[in-house]
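Notes for the one structure printed next.
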Amino acid sequence: MIKDKYYPQEIEKKWQKHWDETKLNKVYNDKEKEKYYILSMLPYPSGKLHMGHVRNYTISDVIARYKRMNGYNVLHPMGWDSFGLPAENAAIQHGANPKKWTLDNIAYMKQQLKSLGLMIDWDREVTTCLPEYYKWTQYFFIQMMKKGLAYKKEAAVNWCNNCATVLANEQVIDGKCWRCDGEVEKKYLSQWFLKITDYAQELLDDIEKLKGWPDSVKTMQKNWIDRSTGAILRFKVKEIEGLEVPVYTTRPDTAYGITYLVVAPEYKDIEKLTTPENKAAVEAYRQNARRMSEIERLSTERIKTGVPLGTHLINPLNGEEFPIWTADYALAEYGTGAVMAVPAHDERDFDFAKKYNLPIKIVIQNPDNPIDELKEAYTEKGVLVNSGDCNGIDNEKAKQIIIEKAEKGGFGEAKVQFRLRDWLISRQRYWGTPIPVVYCPKCGTVPVKEEDLPVLLPEDVDFSVKGMSPVATSETFKHTTCPVCGGPAERETDTMDTFMCSNWYFYRYTDARNQNAPFDKDILHYWAPIDQYVGGIEHAILHLLYSRFFTKALRDLGIINIDEPFKNLLTQGMVLKDGSKMSKSKGNTVDPDEIYANYGADTARLFILSDSPPNRDFDWTDAGVEGCYKFLNRLWRIYSEYQDIITLDYKLPDISSLSKQNNDLVRQVHMMIKKVSQDIANEFQFNTVISKYREFTNVIYDYLNNKKEFSEEDKQVYSYAVITFIKLFAPVLPHMSEELYEGLGGKDSVHKLEWPKYDEALAKTSTITLVVQINGKVKDKIEVDAELSKENLEKTALASEKIKELTTGKQVVKVITVPGKLVNIVVK
RNA sequence: GCCUUGGUGGCGGAAGUGGUAGACGCGUUGGACUUAAAAUCCAAUCAGGGUCAAACCUGGUGCCGGUUCAAGUCCGGCCCAAGGCACCA
C-alpha cells in the first residue's frame, strides 16, 4: 500500500537503514562485468556539509545510479581528505586533540552523507589521516626519493606568517596564502621538493589526450606549465677572469641590442659581481627586496627600481660592453635569474632604461615604417638593423641564426623553458603525513626502511610553539637511530603538504583495506582510470595537476601502468544564494540538515539538479525548494490515488490496437525515455532531465483528467507508463522511488531494475505540426501525418487557404521543404 | 595586457548537425473547490499595436555588419560580465 500522503522524513530513514542492512551498495571487483568508476572529490572534514558538497555528491550519485541501472559494475566511493591546518588550529585555539576533532567531524558528516541517500560502499571508505593510509603516502615518497624525484634543496620559498609554514607556488594566490589570505613572503629554507618539472613536457602534451575535460581547465593547466622556446646566452664578465653570466631569452634575435643586464636580487653570484664602491647600495637594495611581500613585489603597477653593480659584460656578438644591474623585476627562480635587457624591444626593459637613462639601441625595424626614436618598445616583427652581419634578416629567421652563432662560438644554445617549478611539499605543521626521512651525522639524509613504515605522528607535542613544527617538540619522535648504520640520528620533523594525500586516494578506493600494499595491481587496473570525475573548478591547477603528475611518476616507478588518472572531468559550478557564493561571513548559508528535516533529501536532490546545468553556478532559492517539494507531492499522487489500477505485472497490448489516448501515452513514455537517456548522455544535463519529469507528470494528469473510469486496457497502459516512470526518476529520487515500488508490491530494490529502453519508431508522435513559412517568416501551422512525403508536404502547404491568399499575385521562386518540420515558400 | 567561459522574458533557464525563439519551473493574474483560508486542480502570462473579445499585424536572443530561402545558432568587427594567468625575460 502507498500512503495517501508523502512523508519524506519517515521513508528516507527507513530506506537508508534498509540499504545498509541489505548491503545494497556493496561493490565487488567483478571482472566479468564492465566497470564504471565515478568519483567525487573527497571532502575535507571541516565539521558540517555545505550545499557545495550536496551538489557535488548528488551529481555523481545520480550518474552512479544511472550507470548501475544500465548494467555497469559501478564504483562510487567516498573518503576524507583529513589532514590539514583547521584541525591543528582547533588544537591551538581550543586545546582540542586534532585527531579526535577530525574523527568527530568525519562521524558527523558521514551521517549527513548517508542522510542524502548516497549510493556508497562505505566498506571502501578512505581516511587520509589514519596510519593505514598515510603509511602508503610515505611509501610512495620513499620510492620517489630513491629515484631522485623527491629531493631536498635550499631555496627562496613562499612563507605564510599566519599559517607559520611554507607553501607551494600553486598555493600562492595573488601573493596571498590560498587558505588564510595572509600575506606571503620569501624565506631561504632547506625544503623537500618533488620533481614535477621532469614531467612538464608530458603534462603539457597529454592535455591533448584529455578529451573529456573542459577547455577552461585544460587552458589553465597549459598556462600554468607555460612552455617557451628560446636560448641560453653566456656573457663574460669584463672585470673578473673566468666568470660568466648566463641568461635565458626568447628573443635571441634582439641580442645585438643589449644595453645592460639585470640580475635578480637573490642571484647567486651577485656579491662577486658587485664592486666595493657599489656594495653598500646593492646590499641595501637586496635587504629591501627581501622585506617586501609578494603582493608588493608582484604588482605590475609598481615603478621598476634597481641599482648598478659596477661590473660589465661583453657581448660576444659585437664586442660591446654593457653594465650589470640588479632589479627585482628579474626573478631568481625563472630561467637563470638574469635577464639580458633590450630596451628597444621589451616593454619592461624600455621603462627601466627610460628611468635610469640607459641607452636604447634599435635592432629591429618594421621595413614599411622605420623609425629613429621609440616612444615605446617595438615588440612586433621586423628586419634586423645595427646587427652586424645579420642586418636585413627577418627577425624570426634571425633567432635561429643567432642561436647557431652562439653554439659555434661556445657562448650559448637553444633552450626550452617552463614556468612550472618543482613542487615544494614540506610543511612546518603537525597535522600531516610525517616525511619518512632520517638525518644521520655519518650517513647523511636517508629514507626510513620500508618495513618500519608508517612513521607515526607523535602525540607528545606542544602546539603553542612558534616558528617551528610542533612535531619538533616531541623528543621521543625526534631522536631515533639511523636505518643504515644504527647510530644515533634525528628524524625529519616536517610533514607533507596535504595535496600529497589527495593525489592518489582514488587508487586506494579500489582496494581500500589492503594491509600489504597500497592496492592490488590487478584490482587497481580493473577500476582505473576514473571514468568520470566530478568536483569544483578551484582545483583546476592544484589537485588536478598534482594528481596527473603523481600518476605519471607512479607509472615510471613501475607501480601502475596508466598515464592519466581521470578520463572525463565535470567541474560543477558554485552554489549561490542571492547572487553571491554561500559563505558563513555573508550569512547566506543554507544548512542541509534543515532541508532534510523540512523537505527530505529527495527534495534537496531534485532541486539542486533542477535549475542549472551542473557546470554552471546554481542559485539557491527558498521558493525553488518549496516548488520541488510540491512537485514531489504531485508526483506521489499519481501513484497513491490510483494504486488500485496499477499492477506491476501489466501486459501491454499491441500498440496498433490501442485507443488514440492510450497510443499517445505509450508514445509519450518512449519519448521520455529517449529524452532523459540522451540528456544524461549529453554532459549530464540533469536540469532538462527534470523538466522532462515535470512534463511527463503533466501528461499523466492530462490523461487522468480526461478519464472517468478505467477500462482493462487503460489499466495496463497506465501501469506501464507509471512504472516505467519510477525507473526513470529512481536515480534522482532514490527514496521515493523505492517506497512507491514497494507500495505497488515490488519485492526487490527498484535500484536493481534495468533502465528502460525505447523504440525509435514509437518515440515520435503520429502527427506533426507542419510550419509553413513565406520568405522565412512563419505564416501558418498545419497538423499533418508524420509520415507524409516531401512532395505531399509541399502540396499540403501550398493548398493552405492562408498561404494561397498570401501568395496571390506573387511569383513563387522556390519552395524549400524540410521533412518532418517545415515548408518555406520564397516569393517575389 | 593575454587566455577561458558566458550575455535569451520580471527571474532560473530550454532550443542534436542553421529550420516554429522562450520548453520546464519560479513569480504574477484569473477561475474551480471551500463557510473561509491553506493545500489542490484548471487557465493566462516576451513586448508594442489592434479588437467588445478574437482573427490579426509588427518588433524581438548584448551592439554593428555579413553569409543564407531561413541565423540565438555560422563569419567579421566591437561592448559587457565572471573566472584564470600576469615583471616568466
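Just so it is clear, the values below take in all heavy atoms, side chains as well, and ignore hydrogens, waters and symmetry mates. Residue numbering restarts at 1 for every chain, and letters A, B, ... go by the order of the sequence lines.
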Assess whether atom NZ of A:Lys707 is packed by more than 12 heavy atoms of other residues, nucleotides or ligands within 6.0 Å.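 Check passes, neighbour count above 12.
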Is it true that a side-chain atom of [X] and a backbone atom of [Y] form a donor plus acceptor pair closer than 3.5 Å?
{"X": "A:Lys674", "Y": "A:Glu760", "result": "no"}
{"X": "A:Tyr285", "Y": "A:Asp328", "result": "yes"}
{"X": "A:Thr259", "Y": "A:Pro359", "result": "yes"}
{"X": "A:Asp422", "Y": "A:Ile196", "result": "yes"}
{"X": "A:Thr621", "Y": "A:Gly624", "result": "yes"}
{"X": "A:Tyr701", "Y": "A:Arg634", "result": "yes"}

Are A:Lys355 and A:Asp351 close enough for a salt bridge, meaning some N to O gap below 4.0 Å? no
Looking only at side-chain N and O atoms, does [X] come under 4.0 Å of OP1 or OP2 in [N]?
{"X": "A:Asn682", "N": "B:rG16", "value": "no"}
{"X": "A:Asn687", "N": "B:rG25", "value": "no"}
{"X": "A:Tyr248", "N": "B:rA89", "value": "no"}
{"X": "A:Asn705", "N": "B:rC41", "value": "no"}
{"X": "A:Lys781", "N": "B:rU20", "value": "no"}
{"X": "A:Gln685", "N": "B:rA15", "value": "yes"}

With [atom1] as the reference atom in both, quote the distance from [N] to [M] in angstrom, rounded to an integer.
{"N": "B:rG18", "M": "B:rA70", "atom1": "P", "answer": "15 Å"}
{"N": "B:rU58", "M": "B:rG62", "atom1": "C1'", "answer": "22 Å"}
{"N": "B:rU28", "M": "B:rA39", "atom1": "P", "answer": "11 Å"}
{"N": "B:rU4", "M": "B:rA86", "atom1": "C1'", "answer": "15 Å"}
{"N": "B:rC87", "M": "B:rC75", "atom1": "P", "answer": "34 Å"}

Which is true for [X] with a 4.0 Å heavy-atom rule: it touches a base, it touches only sugar-phosphate, or it touches nothing?
{"X": "A:Val826", "value": "sugar-phosphate"}
{"X": "A:Val778", "value": "sugar-phosphate"}
{"X": "A:Arg227", "value": "nothing"}
{"X": "A:Gln417", "value": "nothing"}
{"X": "A:Asn824", "value": "base"}
{"X": "A:Arg419", "value": "base"}
{"X": "A:Ser216", "value": "sugar-phosphate"}
{"X": "A:Asp349", "value": "nothing"}

Using a strict heavy-atom distance below 4.0 Å, which residues from residues 624-643 of chain A are in contact with RNA chain B?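 Listed by number, they are A:Lys630, A:Arg634, A:Arg637.
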Within residues 608-617 of chain A, the residues having a heavy atom closer than 4.0 Å to RNA chain B are A:Asp611, A:Ser612, A:Pro613, A:Arg616, A:Asp617
Parallel, tilted or perpendicular: rings of A:Phe499 and A:Tyr546 (30°, 60°):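 Ring orientation of A:Tyr546 relative to A:Phe499: perpendicular.
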Under 30°, 30 to 60°, or over 60°: which ring-plane class applies to A:Phe352 and A:Tyr356, parallel, tilted or perpendicular? tilted
B:rA55: syn or anti, per glycosidic angle within 90° of 0: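 Nucleotide B:rA55 adopts syn.
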Syn or anti conformation of B:rG9, syn meaning chi within 90° of 0: syn
Any side-chain donor-acceptor pair under 3.5 Å between A:Ser610 and A:Asn687?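 Judged by distance alone, the side chains do not pair up.
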Would you say A:Ser228 and A:Tyr248 are linked by a side-chain donor-acceptor pair, where the criterion is simply a distance under 3.5 Å?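 Indeed, the side chains of A:Tyr248 and A:Ser228 share at least one donor-acceptor pair under 3.5 Å.
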For the side chain of A:Thr688, counting heavy atoms from C-beta on, which of B:rG25, B:rA89, B:rA15 is nearest?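 Of all the options, the side chain of A:Thr688 is nearest to B:rA15.
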Under-3.5 Å donor-acceptor pair between A:Lys304 side chain and B:rC87 base: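 Check passes, donor-acceptor contact within cut-off.
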What are the two closest non-hydrogen atoms of A:Tyr378 and A:His345, and how far apart are they?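 Looks like O-ND1, 2.8 Å.
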Residue closer to the 5' end of RNA chain B, A:Gly776 versus A:Asn223 (nearest nucleotide): A:Asn223
Annotated structure of RNA chain B as dot-bracket, pair cut-off 3.5 Å, Watson-Crick or G-U only, | for inter-strand, is (((((((..(((......[....)))((((((.......))))))((((......))))..(((((..]....))))))))))))....
